[in-house]
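Chain A is the first sequence line, chain B the second, and so forth, proteins listed ahead of strands; every chain is numbered from 1. Scope of the values below: all heavy atoms of this structure, side chains included, with no hydrogens, waters or symmetry mates.
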2 protein chains.
Amino acid sequence: MPDAGDLPVLKAIALLGGCRGPVRVSTQSLSTTLGTSPQTISRRLKSLDSAHLITRNVDPSGQSVEVTKGGEEILRREHAEYCRIFSRTGGHFILKGAVISGLGEGRYYMSLDHYKNQFRINCGFEPYPGTLNLRLIQQSVPVRKKLDSLEWTTIPGFSDEHRTFGEARCLSCRIQGIPCALIVPGRTHYPEDIVELIAGVPLREELGLEDNDIIEVEIGYD
Amino acid sequence: MPDAGDLPVLKAIALLGGCRGPVRVSTQSLSTTLGTSPQTISRRLKSLDSAHLITRNVDPSGQSVEVTKGGEEILRREHAEYCRIFSRTGGHFILKGAVISGLGEGRYYMSLDHYKNQFRINCGFEPYPGTLNLRLIQQSVPVRKKLDSLEWTTIPGFSDEHRTFGEARCLSCRIQGIPCALIVPGRTHYPEDIVELIAGVPLREELGLEDNDIIEVEIGYD
DNA sequence: ATTACTAGTAGACGAGTAA
DNA sequence: TTTACTCGTCTACTAGTAA
């Protein structure tokens with residue numbers, strides 16, 4: 001969660017191509033495009049840097065700045081919200097990937113009453129304790145990115161006496177007709193070719209899946 | 001030019017459907033979704049209201065809010081910038097519309113040296129003093145809206161001793177192969193089915209156009 | 001329950017300056 | 001030219017209160 005005023009600066013850097021590689025900027029140039037003072041830009045850049053949303057190389061003649069994965073994620077989410085406002089086009093997406101073994105963390109989280117209830121309310125099924133992890137085929141990675149534009153449900157986090165549990169986003173989908181949900185834990189930086197799924201039934205058993213089996217996930221949005 | 005902090009509030013209203021009709025909100029509900037205080041929301045709503053970006057009906061049980069054309073335009077521009085960051089897809093668009101008579105304002109502006117030079121630099125031709133106005137056919141109106149996502153060039157305004165002249169945006173296009181540019185004056189609220197074009201030659205003469213002739217404008221983006 | 005005022009405070013801004 | 005510090009000002013915030 002960057003400071004509200006940092007976002008325009010991040011966006012300006014991205015518009016200059018900062019998501020694709022380092023771009024040279026100066027506090028002055030950014031200040032004119034954003035209609036503020038160089039001092040403020042300097043402060044904002046420092047803030048973005050310490051929030052790990054950009055990386056930079058400062059030298060006496062200026063600085064070259066690059067947007068990090070985390071920064072791009074924030075921009076992508078912002079983009080998704082605007083898409084939701086204007087493009088109310090439905091869509092149908094297919095993700096294809098290979099079954100892989102997760103770390104078993106999903107099983108633990110899904111066993112917690114809080115998440116169980118939340119998913120029951122939001123997805124229409126009580127999650128089987130355990131998640132199915134897929135490594136997407138290369139062609140599905142851009143499709144996965146597009147999904148960020150759809151309307152994900154946010155599952156709030158909670159905390160007990162020992163620790164806090166983060167929020168997560170989920171999106172309904174189907175695998176061979178079985179209702180499932182893609183879930184993305186709150187703040188973790190997932191590899192972009194990995195997705196995690198939950199369902200009301202043990203998917204591996206139900207579909208007879210083994211590691212490396214290729215399956216399709218269907219996201220219908222209507 | 002709304003206050004920077006107003007934008008998230010405007011966006012939140014739009015996400016609730018405020019672009020399509022009035023939505024009921026409360027300062028409290030918005031404050032939780034935006035992570036701020038109800039007081040701030042109250043102030044922001046007032047600010048958006050007085051900037052004519054929203055209209056609202058306040059009653060003792062809450063308020064219903066709707067995003068105005070002007071508000072939508074700001075959001076659409078924001079959306080366009082994010083599109084420019086992420087979707088670097090080219091595209092090819094055709095606008096179809098009927099030739100109509102403008103107010104002759106375009107002729108005046110295009111006769112000013114400042115604009116002449118700017119357009120020469122940015123569009124590759126010195127604009128013939130006079131603009132061609134089109135009333136788009138209905139099917140072209142949504143296409144026109146999509147164009148906002150493309151990379152328009154901003155022509156800065158200027159001021160002489162008497163008055164100030166606003167900025168404008170332009171986008172290269174072609175009519176029957178002749179290089180032209182769509183131009184949109186800075187802050188005016190154009191009817192969404194009207195577009196204005198400039199070229200290096202007198203288009204009406206060159207193409208033998210009369211009022212109500214239907215022509216096609218080609219926007220190729222590469 | 002609302003909205004929106006007032007008041008006090010915290011923090012952001014930009015001018016000036018140094019490196 | 002840069003970046004980024006300090007510092008005084010002023011804006012924007014939230015708490016409290018009224019309607």
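For Asp3(B) and dA12(C), the CG to C1' distance is 12 Å, given to the nearest whole Å. If you measure from atom CG of Asp49(A) to atom P of dA4(D), you get 9 Å, rounded to the nearest angstrom. For the pair Gln28(B) CD and dA15(D) P, the computed distance is 12 Å after rounding to whole Å. Distance Ile41(B) CD1 to dT2(C) C1': 15 Å, rounded to the nearest Å.
Classified by interplanar angle (parallel below 30°, tilted 30° to 60°, perpendicular above 60°), the ring pair Phe86(B)/His79(A) is tilted. Classified by interplanar angle (parallel below 30°, tilted 30° to 60°, perpendicular above 60°), the ring pair Tyr82(A)/Tyr82(B) is parallel.
At dA4(C), none of the side-chain N or O atoms of Arg44(B) fall inside 4.0 Å of OP1 or OP2 (strictly under the cut-off). For the OP1/OP2 pair of dC5(C) and a distance below 4.0 Å, the side-chain nitrogens and oxygens of Lys46(B) include at least one atom meeting the criterion. Between Ser61(A) and the phosphate of dT2(D), there is no side-chain N or O to OP1/OP2 separation shorter than 4.0 Å. Contact check, Arg43(A) against dA12(C): no side-chain N or O comes under 4.0 Å of OP1 or OP2. For Thr27(B), a side-chain nitrogen or oxygen approaches OP1 or OP2 of dT3(C) to under 4.0 Å.
The side chain of Thr36(B) sits closest to dC13(D) out of dC13(D), dA4(D), dA4(C). Of the candidate nucleotides dT14(D), dA4(C), dC5(C), dT14(D) has the atom lying nearest to any side-chain atom of Thr40(B). Among the nucleotides dG14(C), dA4(C), dT14(D), the one closest to the side chain of Val58(B) is dA4(C). Closest contact between the side chain of Arg56(B) and the listed nucleotides dA4(D), dT3(C), dA4(C) involves dA4(C). Residue Gln63(B) has its side chain nearest to dA4(C) when only dA4(D), dA12(D), dA4(C) are considered.
The pair Arg56(B)-Glu66(B) does not meet the salt-bridge criterion, since no charged nitrogen lies less than 4.0 angstrom from a carboxylate oxygen. Taking 4.0 Å as the cut-off between side-chain N and carboxylate O, Arg77(A) and Glu81(A) do not count as a salt-bridged pair.
Of the candidates Thr27(B), Asn57(B), Ile54(B), Gln63(B) forms a side-chain contact (heavy atoms from CB on, under 4.5 Å) with just one, namely Thr27(B). Between Asp6(A) and the choices Arg44(A), Arg43(A), Lys11(A), the side-chain hydrogen bond (donor to acceptor under 3.5 Å, both in side chains) rule is met once, by Arg44(A).
Taking 3.5 Å as the limit, the base of dA4(C) and the side chain of Gln39(B) contain no donor-acceptor pair of atoms between them.
Comparing the helix axis at one end of the helix from dT2(C)-dA19(D) to dA19(C)-dT2(D) with that at the other, each defined from 5 consecutive pairs, gives an inter-axis angle of 40° (nearest 10°).
Looking at heavy-atom distances under 4.0 Å, Ser26(A) makes contact with sugar-phosphate atoms alone, never a base.
With hydrogens and angles left out, the side-chain atoms of Glu196(B) and Thr131(B) include a donor and acceptor closer than 3.5 Å.
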